Structures are given as C-alpha cells and as structure tokens.
Protein chains: 2
Amino acid sequence: MFESIFKALGEPTRLKIIKLLADRELCVCDLEEIMKISQPRISQHLKVLKHAGLVNERKEGQRTICSLNRKFLNNTIEQFEQYLSKPLETVPELAEESSRMPTIYGESCMKKYCEKVL
Amino acid sequence: MFESIFKALGEPTRLKIIKLLADRELCVCDLEEIMKISQPRISQHLKVLKHAGLVNERKEGQRTICSLNRKFLNNTIEQFEQYLSKPLETVPELAEESSRMPTIYGESCMKKYCEKVL
DNA sequence: CTCATTAATAAGTACATGCTTATATTATTA
DNA sequence: TAATAATATAAGCATGTACTTATTAATGAG
C-alpha cells in the first residue's frame, strides 16, 4: 500500500502532475497543453496515480476532470509516520523478521561465527 | 530530490529495511540474517537508500552499521507537504507549466478548438 | 447519421531495475 | 604473512516501466 503510493510519487512526470493538480483540478487535455506531452502519456500516468489513490476523477461530458486527493495523501503520510514509529513486533508482515531481530548489533554475525566454531 | 526519496521508498525490500532500521541500527550481515536474503541484495538496496539520504552508515571494523536518518525523513515529508501547498508560480522547475495554466478547466481544449475554427 | 473531440487502450521498443553468481576489497585473526 | 570475515562491486539476465504510434471507445455537434 505504501509501496504503490511511493512508487507513484517516485517519477518526475507524475510528481509534476501532482503539483499541478495541487493547484486546481484539470482535465486530461489541459494537462496535455500545460505539460506539452502526449495524451497517452498523461493518461497512463494518471492511471497509476488513480490506482495509488492519489488522484480522483469525474466525467464531465467527454472530459475527465482530475483532482488531487489531498486528504488521502495527507492521511497516508500520517499513517506512514505512525507505521515507522510503532513497535516492529506489531507489524504482521514483518513477524518473521521481528523474530530474528538480534538484541545487539552484530549478534547475527557472531551467531554465524559460533555455528562454525562449534 | 523528492523523486529519489520516493523512488527509494517505493520498493518492498527497501521499505522492509527502513522499518527494521527504524527499530534499531543494524549491520549488513544482521540484515542478511534477519531478512534471509543475499548479501549483495542488501548492499545494493542500502546503496540506494544512502544516496537518497534515508540511511546513514558508519564503519566499525569490517562492519558497516546502518541507521535510519529519521530526522531527514521527517524533514523531507514536512518539505513535501509545504511544496504541495505553496503557489505553483513559485516553483522554478514548473515556470513554463505555470505560465500555461488555464484560469478555468477545459480552457486549453477550448483554445485548441478556437484555433481551428478561426 | 456523420464527423470531430476527448480520452483510454494496445502494441512495440528502449531503457531501468532487481536479482543472482562471481569476484574484488578491506579488516581482522591465526 | 596467510586465511577468513564482512562488505562492495561487476557482469549477466529477466522483468518492469516509460515512452511512442496506432487504434478504439464514447460523447457531442452539425
């Protein structure tokens, strides 16, 4: 979930789109004119942004009006900071890793060394 | 700058490393043991994270002890939110785009239409 | 209905990225 | 000094991604 959002943000064209949409909502052909890049390119990037939840769209005739989902973005950032702060053992996806967490750094290396010696 | 940071965060293995380092500093071989993935894979991902500024490292003998640069991360998030909030015309990289910004949505399309008609 | 406009999608291509295996580098230890 | 440990780097490969051009779909206007 964080992954798809960061991946969406980690691309220059999409970052530009985000910033432009932060100013006001725009239709695809507006973005085309403003950014001077091809229409399919816009559409493809918007698709990524929509799937990540960062951009909302509504249809208005033949136009697709896009807007930045600022609430979602702010919320995600907030959640990410909380995610980093919460105890490792409370993260289900990292249960295995958590169980292998050493109590001091370098312990793992020492363990490997000891296994060989013993 | 935001790009490299988001790109670094937009990858599952690196996100895991970030979360593990949020718990405590770890050397490469600790990460290897904890995550059960190959050493070059760890080193390569750490390189990306270091270049993005997210991870610091120090040498301790033959060990490379890595730590999350939490201050930098928090600061970046803060800056990103400010970046999105500040007026478009104050962003140098988007000066061109800003100058082409329409006053109402769909204006660009209308412009194109008018050009043809006239 | 026909044609133009807006947008989405498909196909193809070049380049980027993540991984593996193998090797090089540096520091420790015997 | 020789051997080992920890890490970095190189090379090769497979997959992913961003772009282009071409096509399709849907809406609106004449």
Side-chain angles (χ1 to χ4, degrees), chain A residues 3-4 6-18 25-52 55-67 102 105-117, chain B residues 3-4 6-17 25-52 55-67 102 105-118:
Chain A
E3 189 195 329
S4 66
F6 289 133
K7 203 166 275 180
L9 292 173
E11 203 279 336
T13 307
R14 285 195 291 268
L15 261 181
K16 278 192 184 181
I17 293 176
I18 289 284
E25 56 180 16
L26 295 163
C27 70
V28 176
C29 88
D30 277 335
L31 286 168
E32 198 184 340
E33 262 309 293
I34 294 164
M35 302 181 72
K36 298 287 182 195
I37 64 180
S38 75
Q39 176 266 313
R41 194 172 153 193
I42 302 273
S43 284
Q44 285 156 7
H45 283 303
L46 282 171
K47 197 175 180 180
V48 175
L49 292 168
K50 278 184 292 177
H51 283 145
V55 164
N56 288 331
E57 66 174 32
R58 66 170 202 279
K59 272 287 185 182
E60 204 166 275
Q62 25 185 355
R63 304 255 165 79
T64 303
I65 315 274
C66 303
S67 56
Y105 23 93
E107 197 202 30
S108 299
C109 327
M110 296 311 283
K111 247 188 241 165
K112 279 194 286 186
Y113 179 71
C114 292
E115 279 163 13
K116 284 203 177 171
V117 172
Chain B
E3 188 193 330
S4 67
F6 288 133
K7 202 166 277 180
L9 292 172
E11 204 278 337
T13 307
R14 285 195 291 269
L15 261 181
K16 278 193 184 180
I17 293 176
E25 56 179 16
L26 294 163
C27 70
V28 177
C29 88
D30 276 334
L31 285 167
E32 199 184 339
E33 262 308 294
I34 294 165
M35 303 181 72
K36 297 289 182 194
I37 64 180
S38 75
Q39 176 266 314
R41 195 173 152 191
I42 303 272
S43 283
Q44 285 156 7
H45 283 303
L46 282 172
K47 196 175 181 180
V48 175
L49 291 169
K50 277 184 293 176
H51 283 145
V55 164
N56 289 329
E57 65 174 32
R58 68 170 200 279
K59 272 286 186 183
E60 204 164 275
Q62 25 184 355
R63 304 256 166 79
T64 303
I65 315 272
C66 304
S67 55
Y105 22 93
E107 198 201 29
S108 300
C109 327
M110 295 312 282
K111 247 189 240 165
K112 278 194 287 184
Y113 180 70
C114 292
E115 279 164 13
K116 285 204 176 172
V117 172
L118 298 175

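What you see is a predicted model; the values in this text were computed from it and never measured. Protein chains get the first letters and strands the later ones, always in sequence-line order, with residue 1 at the start of each.
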Starting from the C-alpha separation in whole Å, work towards a yes-or-no answer on side chain to side chain contact (heavy atoms under 4.5 Å, CB included) for A:Lys36 and A:Glu33.
-> CA-CA 5 Å; A:Lys36 298 287 182 195; A:Glu33 262 309 293; 3.5 Å; yes
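- Distances shown here put a side-chain N or O of A:Lys47 below 4.0 Å from the OP1 or OP2 atom of C:dT9.
- Between A:Leu26 atom CG and C:dT6 atom C1' there is a gap of 15 Å when expressed in whole angstrom units.
- Taking B:Ser43 as the reference, B:Gln39 meet the side-chain hydrogen bond (donor to acceptor under 3.5 Å, both in side chains) condition, with sequence neighbours excluded.
- For the side-chain contact (heavy atoms from CB on, under 4.5 Å) test, residues two or more places apart in sequence or in another chain that qualify with B:Val48 are B:Ala8, B:Arg14.
- Using a 4.0 Å cutoff on non-hydrogen atoms, the parts of residues 9-16 of chain B near DNA chain C are B:Glu11, B:Thr13, B:Arg14, ordered by number.
- The shortest distance between side-chain heavy atoms of A:Glu25 and A:Arg58 falls below 4.5 Å.
- Phosphate proximity of D:dC19 to A:His45: present, with a side-chain N or O under 4.0 Å from OP1 or OP2.
- Under the side-chain hydrogen bond (donor to acceptor under 3.5 Å, both in side chains) criterion, B:Glu3 pairs with B:Lys7, sequence neighbours left out.
- Rounding to whole angstrom units, NZ of residue A:Lys36 and C1' of D:dC19 are separated by 19 Å.
- For B:Glu57, the side-chain hydrogen bond (donor to acceptor under 3.5 Å, both in side chains) partners are B:Lys50, not counting sequence neighbours.
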Between the protein and nucleotides 21-27 of chain D, which nitrogen or oxygen pairs come in under 3.5 angstrom?
unit_1 : atom_1 : unit_2  : atom_2 : d
D:dT27 : O2     : A:Gln62 : OE1    : 3.1

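- In this structure, the CZ atom of B:Arg63 is 17 Å from the C1' atom of C:dT25, given to the nearest Å.
- Among residues two or more places apart in sequence or in another chain, the side-chain hydrogen bond (donor to acceptor under 3.5 Å, both in side chains) test is passed with A:Ser67 by none.
- Put simply, CD on B:Glu57 is 10 Å from C1' on D:dT7, counting in whole angstrom units.
- Where B:Val48 and A:Leu46 meet DNA chain C, the nucleotide closest to each residue was compared, and A:Leu46 sits on the side nearer the 5' end.
- Considering only residues two or more places apart in sequence or on other chains, B:Lys59 meets the side-chain contact (heavy atoms from CB on, under 4.5 Å) condition with B:Thr64.
- Put simply, NE2 on A:His51 is 8 Å from P on C:dT9, counting in whole angstrom units.
- Protein atom CD1 of A:Ile37 is 14 Å distant from nucleotide atom C1' of C:dA7, rounded to whole Å.
- The interatomic distance linking B:Lys59 (NZ) with D:dA5 (C1') rounds to 11 Å, in whole Å.
- Between A:Leu9 and A:Leu15, the shortest heavy-atom distance links the atoms O-CG, 3.1 Å.
- Residue B:Leu31 contributes atom CG, which lies 9 Å from atom P of D:dT7 at whole-angstrom precision.
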